[in-house]
Amino acid sequence: MPELPEVETVKNQLVPHITGRTVRSVELLWEGMVKGMPVEEFLKRIRGQKILKISRRGKYLLLALSSGEYLVIHLKMTGSLRLGKDGDTEPPRFTRAIIHLDDGQEIYFADPRKFGVLKVIDSLHHVESKLGPEPFEAEFTEKYFIDSLKKRKTPIKALLLDQKFLAGVGNMYADEALFASKIYPARSADSLTRNEARKLYHAIRDVLTAAIGSGGASVVTYFHPDGSKGTAHFQFNVAHGQVKNCHVCGTPIERMVVRGRGTYYCPHCQPKKPGNHEKYPKVSSKK
DNA sequence: CCCGGAACCTGAAGGC
DNA sequence: TGCCTTCAGGTTCCGG
């Protein structure tokens, strides 16, 4: 699915079009998409609500409603949102829900695999309780990151995917960040040297920043609300197995499974043990 | 608490 | 062409 850069892009495109609009109705073509309460109640709670503000938290899209509640949208693996006009836009293939707005606009929620989620919550707590810090917020400091890694024995790749540890990173950008910092994905988090952890911290932010700048990646089913596609995947070094040979050293990119997730990496640039220059990092003068 | 595995679903792609 | 297997960007629940 869409990861942080993709959801951020969707949010940015929706803001100018739907802020201040009122939800006339929601048409469900697949009722299983609604979670947390009976469908009838969901429809009742959202009908007639004005959309005050649109924001993103992790991979969640949050629409603040005039009732004080929030419409939460999660695209999961294959979901996408498209904007159209009542009467003259054909809903995209695999449309599972249509949100009708008061000005004739329609938001199509397409999702081939039906994993996507729509729900109404009365407090952001329901989302916040599942998430760690945002990669770009002040609380997520280099020190916090480095110190946290030391306490965890889980594979570093798995930790990056843990939304409670850090919100927004998914499979593609985890692979890209590990490649950029030359770290073997299955290494335990606490085995990273201080210098590796520092490089990874900055790689995560750099990779996400670059992807947002490219409007996200459009690898399989992802589109922008206006129907265009992101181009971040053209910059991928390993993610999604699109690249055959490493751009840096020419070694064939390999695939392995880390905690159940397909993981692409360069066996030469990301060796199982840190290189000699990493093994004995410069000791900080203080402490 | 940690971890692996399965479940939720369906389509696309590759092998034969 | 058709059948079968594998894979897919996420999250959550269950059992050991």
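Source: prediction; values computed, not measured. By convention in this document, chain letters (A, B, ...) are assigned in the order of the sequence lines, proteins followed by strands, and residues within each chain are numbered from 1.
Residue A:T154 has a polar side-chain atom (N or O) positioned under 4.0 Å from OP1 or OP2 of B:dC3. Residue A:Y264 places no side-chain N or O under 4.0 Å from the OP1 or OP2 atom of C:dC7. The phosphate of C:dT11 has OP1 or OP2 within less than 4.0 Å of a side-chain N or O from A:Q163. For the pair A:R152 and B:dC3, the criterion of a side-chain N or O lying under 4.0 Å from OP1 or OP2 is not met.
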Report, as a single string ordered 5' to 3', how protein heavy atoms within less than 4.0 Å touch nucleotides 4-9 of chain B: B base, S sugar-phosphate only, - not at all. S---BB
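Taking the P atom of each, C:dC4 and B:dC8 are spaced 22 Å apart, rounded to whole Å. For B:dG5 and C:dT6, the P atoms lie 15 Å apart once the distance is rounded to whole Å. A gap of 23 Å separates the P atoms of C:dT11 and B:dA12, to the nearest Å.
In terms of the side-chain contact (heavy atoms from CB on, under 4.5 Å) criterion, residue partners of A:R255 (sequence neighbours excluded) are, by chain and number, A:V257, A:Y264.
Atom CZ in A:R255 sits about 11 Å away from atom P in C:dT6, given to the nearest Å. One interatomic measurement links the two molecules: NE2 of A:H240 to P of C:dT6, which rounds to 18 Å at whole-angstrom precision. Atom CZ in A:F165 sits roughly 13 Å away from atom P in B:dC2 (whole-Å rounding). We find that CG of A:L4 is positioned 16 Å from C1' of C:dT11, with the value rounded to whole Å. With rounding to whole Å, A:L159 atom CG is found 15 Å from B:dC1 atom P. In this structure, A:R261 atom CZ and C:dC7 atom C1' are separated by 11 Å, rounded to whole Å. Whole-Å rounding puts the A:L131 CG to C:dT11 C1' distance at 11 Å. Rounded to a whole Å, the CD atom of A:Q242 is 12 Å from the C1' atom of C:dA8.
In terms of heavy atoms, A:L200 sits closest to A:S181 at CD1-OG, 3.4 Å.
Of the inter-residue distances, the one linking A:I146 atom CD1 with A:L192 atom CG reads 10.0 Å to the nearest 0.5 angstrom.
For A:N171, counting side-chain heavy atoms from C-beta on, the closest listed nucleotide (C:dT12, C:dG10, B:dC3) is C:dG10. In the set B:dC2, C:dG10, B:dT10, C:dG10 carries the atom at the smallest distance from any side-chain atom of A:H74. Out of C:dG10, B:dA12, C:dC7, the shortest distance to the side chain of A:R93 is found at B:dA12. Comparing C:dA8, B:dT10, C:dT11 by their nearest atom to the side chain of A:M77 picks out C:dA8. For A:K59, counting side-chain heavy atoms from C-beta on, the closest listed nucleotide (B:dT10, C:dT11, B:dC3) is C:dT11.
Counted by atom type alone, A:Q105 and A:H17 present zero donor-acceptor pairs between their side chains at under 3.5 Å. One side chain, A:S214 or A:Q235, offers a donor N or O that lies under 3.5 Å from an acceptor on the other.
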Under a 3.5 Å cutoff on both atom distances, Watson-Crick or G-U, what's the dot-bracket for DNA chain C ([ ] crossing, | other strand)? .|||||||.|||||||
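Between A:F145 and A:Y201, the ring-plane angle classifies as tilted under the 30° and 60° cut-offs.
Residues A:T95 and A:D111 form no side-chain contact, since every pair of their non-hydrogen atoms from C-beta on lies 4.5 Å or further apart.
Residue-level contact check: A:F94 touches the backbone only, with heavy atoms under 4.0 Å from sugar-phosphate atoms and none from bases.
Classification of A:K153 and A:D190 as a salt-bridged pair holds, one side-chain N sitting under 4.0 Å from a carboxylate O. Using a 4.0 Å cut-off between charged nitrogen and carboxylate oxygen, A:E6 and A:K59 do not count as a salt-bridge pair. Salt bridge absent: A:R82 and A:E106 never bring a charged side-chain N and a carboxylate O closer than 4.0 Å.
Around atom NE2 of A:H268, no more than 12 heavy atoms belonging to other residues, nucleotides or ligands sit under 6.0 Å away.
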